[in-house]
Amino acid sequence: MKCTYNKSEKLKSEKLITKLFTEGKSVSAYPLRLVYLETTFTEAVSAKTGVSVPKRNFKKAVDRIRIKRVMREAYRLNKQNVFNNITTQFAFMILYIGKEKPSYNQVESATKKAFNKFLAKHTENK
RNA sequence: UAAGUAUUUCGCCUUAUCGCUGUUUUAGUAAUAAAAUGGAGGAAAGUCCGAACACCAUAGUGCAACAUAGUGGUUAAUGGCCACCAGUCGUGAGGCUAGGAAAAGUGCAACAGAAAGUAUGUACAGGUAAUGCUGUAGUGAAACCAGGUAAACUCUAUGUGGUGCAAUGUCAUGUAAACUAAUGCUUGAGCGUGCACGCGCGAUGUUAGAGGGUAGGCAGCUAAAGUGUAUUGGUAACAAUGCACGUAGAUAAAUGAUAAGGGCUUUUUCUUUAUAGAAAGAGUACAGAAUUCGGCUUAUAGAUAUACUUCAUCA
RNA sequence: GGCCUCGUAGUUCAACUGGAUAGAAUAUCAGAUUUCGGCUCUGAGGGUUGGAGGUUCGAACCCUCUCGAGGUCA
């Protein structure tokens, strides 16, 4: 399987996002926060994921877009680890809660940490 | 050389690996896969002007409201741009200017001052038969009969119908033509985005409240008052003609990430008579399309070319 | 993407429509009172009226540009 992140894997439905934020659980690994919810899709993908950077902390569009690109990249390269350990379908939303512009390495390590926490919690519940 | 003034152009590059997205072709029932080929800016920004385009009477009359304001030109259009005149700032190259009307009318002018508009009188001097009759001083931004202020109301001239791609059309999904209050049913409530008239619509109505449902796809959506260049006309803005090019289309929102190398700028150290060379470090801006154009304004590391100026300095 | 509104001491508001040291409360600081602290009383500091430019004799107020904050729409 390849390290892709195309349209069908993006979280787009406004309904599902609302549901995710009201019913979903979260783990945080500074400067990231991962919100997740177990659900089902019509498409054959393991998860749908969205990324978000608040306008409150980053006023310039350039900064927001840059951080989102980095976050998507980190997710793309590290999602295999998650997919190999879950059986059902999930919706994810990754939020950037820091206030400083990050480097790629910081984001990548935080992403790994967040997903490890998520997997630990998930398997514990089972 | 230095310090400036005005304008022009550019605003990082290469390779490897892994990706995102539009279009086309091939394979496939389809999901999708493979290949080829496009994929941010000079300001994409602010939304300050002007248009295109769409809908509402293919847009009407009057009033109100708003905008503009030297003269001429330019343009699809403008409050933009160009030329000239005037004023003003600068030694100068040049910069800036909402730059019509105060004898149509209304208003405003604190403090100071005799007096700020229905005028009136202090000191000194002059003058007269006599008197603010005349000049100067003093107050103030403005003071002998007039002025100032219109980015105060106003007048004049010109212009503007309103709303905006979340317009608008269409397909799909779903619910509540229900509830409460007011008002109205041809003697007409209200709607058509300021008011009146007019025209059109109008009863399973309209307005308000509290709620229920959907919040997805497609079209609009990118070839355009287009860009580059040459010639001609014009002081110029700009126009005409020829040739070449065919130029992003996302929607929780693509155009990227990582690594290596190289540019450019600069600091320190070393070598060298010097030019220069080597090593190490730092920096490499402002900023991200969202219907599309023409302007304006604002942000911007660093580089770049042309023309010009100077009480400068040197030859 | 479009449209609209608002910026005054650290904070909450004034300043009567252009007129002179921009005022009040609260907070802060100092002094008095108290054995000490609080309450109370007295006094002081604190503002280039978000920023820049213009109109005017004079601008918080009028105009232009800009920065920031908030609201609204199918």
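Keep in mind that this is a model prediction, so the values were computed, not measured. Quick note on labels: first sequence line is chain A, next is B, and so on, each numbered from 1.
For a distance-only test at 3.5 Å, the side chain of A/E73 qualifies as a donor-acceptor partner of the base of B/G256.
Summarising the base pairing, B/C66 is matched to B/G159 through a Watson-Crick or G-U wobble pair whose two defining distances lie under 3.5 Å. Partner assigned to C/U26 is C/G10, using Watson-Crick or G-U wobble distances below 3.5 angstrom. B/A230 is paired with B/U241 under the Watson-Crick or G-U wobble criterion, all donor-acceptor distances under 3.5 Å. Checking B/U74 for Watson-Crick or G-U wobble geometry (two distances, each under 3.5 Å) identifies B/G80 as its partner.
Although no hydrogens or angles enter the test, the distance criterion places no donor-acceptor pair under 3.5 Å between the side chain of A/R33 and the main chain of A/S26. Distance alone, capped at 3.5 Å, is enough to place a donor-acceptor pair between the A/K117 side chain and the A/S28 backbone. Using modelled atom types, one side-chain atom of A/K48 and one backbone atom of A/S8 make a donor-acceptor pair closer than 3.5 Å. The backbone N or O of A/N81 sits less than 3.5 Å from a side-chain atom of A/N85, completing a donor-acceptor pair.
Annotated as syn: B/A40, whose O4'-C1'-N torsion sits within 90° of 0. B/U222 adopts a syn glycosidic conformation, its chi angle falling within 90° of 0. B/G42 takes the syn form, because its glycosidic angle lies no more than 90° either side of 0. Here C/G31 is in the anti range [glycosidic angle more than 90° from 0].
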So which protein nitrogen or oxygen atoms get under 3.5 Å of nucleotides 35-42 of chain B's nitrogens or oxygens?
| from | atom 1 | to | atom 2 | distance (Å) |
| --- | --- | --- | --- | --- |
| B/A40 | N1 | A/R69 | NH2 | 3.3 |

Distances under 3.5 Å only, N/O to N/O: pair up the protein atoms with those of nucleotides 65-72 of chain C.
| from | atom 1 | to | atom 2 | distance (Å) |
| --- | --- | --- | --- | --- |
| C/A69 | OP1 | A/K59 | NZ | 2.8 |

Which pairs, protein N/O on one side and nucleotides 249-251 of chain B N/O on the other, fall under 3.5 Å?
| from | atom 1 | to | atom 2 | distance (Å) |
| --- | --- | --- | --- | --- |
| B/U251 | OP2 | A/K7 | NZ | 3.3 |

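Look at the C1' atom in both B/A141 and C/G58: the space between them is 9 Å, to the nearest Å. Distance noted for atom C1' between B/G302 and B/A285: 8 Å (whole Å). For the P atom pair drawn from B/U122 and B/U131, the interatomic distance equals 13 Å after rounding to whole Å. For the P atoms, the distance from B/A287 to B/U292 is 23 Å, rounded to whole Å. If you take atom C1' in C/C65 and the same atom in B/A146, they sit 40 Å apart, rounded to whole Å. For B/U160 and B/A64, the C1' atoms lie 14 Å apart once the distance is rounded to whole Å. Separating the C1' atom of B/U229 from that of B/U26 is a span of 41 Å, rounded to the nearest Å. Here the separation of B/A178 from B/A210, taken at their C1' atoms, is 13 Å to the nearest Å.
Taking the six-membered ring where the residue is Trp, A/Y36 and A/F92 present tilted rings, their angle falling between 30° and 60°. Under the 30°/60° scheme for interplanar angles, the aromatic rings of A/F115 and A/F118 are found to stand perpendicular.
A residue-by-residue look at A/S103 and A/K68 shows that A/K68 has its nearest nucleotide of RNA chain B further toward the 5' end. Each of A/V70 and A/K60 lies near RNA chain B, and the nucleotide nearest A/V70 is the one positioned closer to the 5' end.
By the side chain to side chain contact (heavy atoms under 4.5 Å, CB included) test, A/S109 is found to be paired with no residue, residues two or more places apart in sequence or in another chain being considered. Residues forming a side chain to side chain contact (heavy atoms under 4.5 Å, CB included) with A/P102 (at least two apart in sequence, or on another chain): A/I67, A/Y96, A/Q106, A/V107. The side chain to side chain donor-acceptor pair (under 3.5 Å) test applied to A/N116 returns no partner, not counting sequence neighbours.
Note: CG (A/L77) to C1' (B/C20) measures 13 Å, nearest angstrom. Atom-to-atom, CD1 of A/I67 to C1' of B/A252 comes out at 16 Å; the value is rounded to the nearest Å. Taking atom CZ of A/F58 as the reference point, atom C1' of B/G288 lies 16 Å away to the nearest angstrom.
In this structure, A/N78 and A/E108 have side chains that are in contact, with non-hydrogen atoms separated by less than 4.5 Å.
The side chain of A/R76 has B/C18 as its nearest neighbour among B/C18, B/G288, B/A257. Of the candidates B/A253, B/G288, B/A257, B/G288 carries the atom nearest the A/V62 side chain, counting heavy atoms from C-beta on. Comparing B/A257, B/C20, B/G288 by their closest approach to the side chain of A/N6 singles out B/C20.
Taking 4.0 angstrom as the limit, A/R66 places none of its side-chain polar atoms (N or O) nearer than this to OP1 or OP2 of B/A287.
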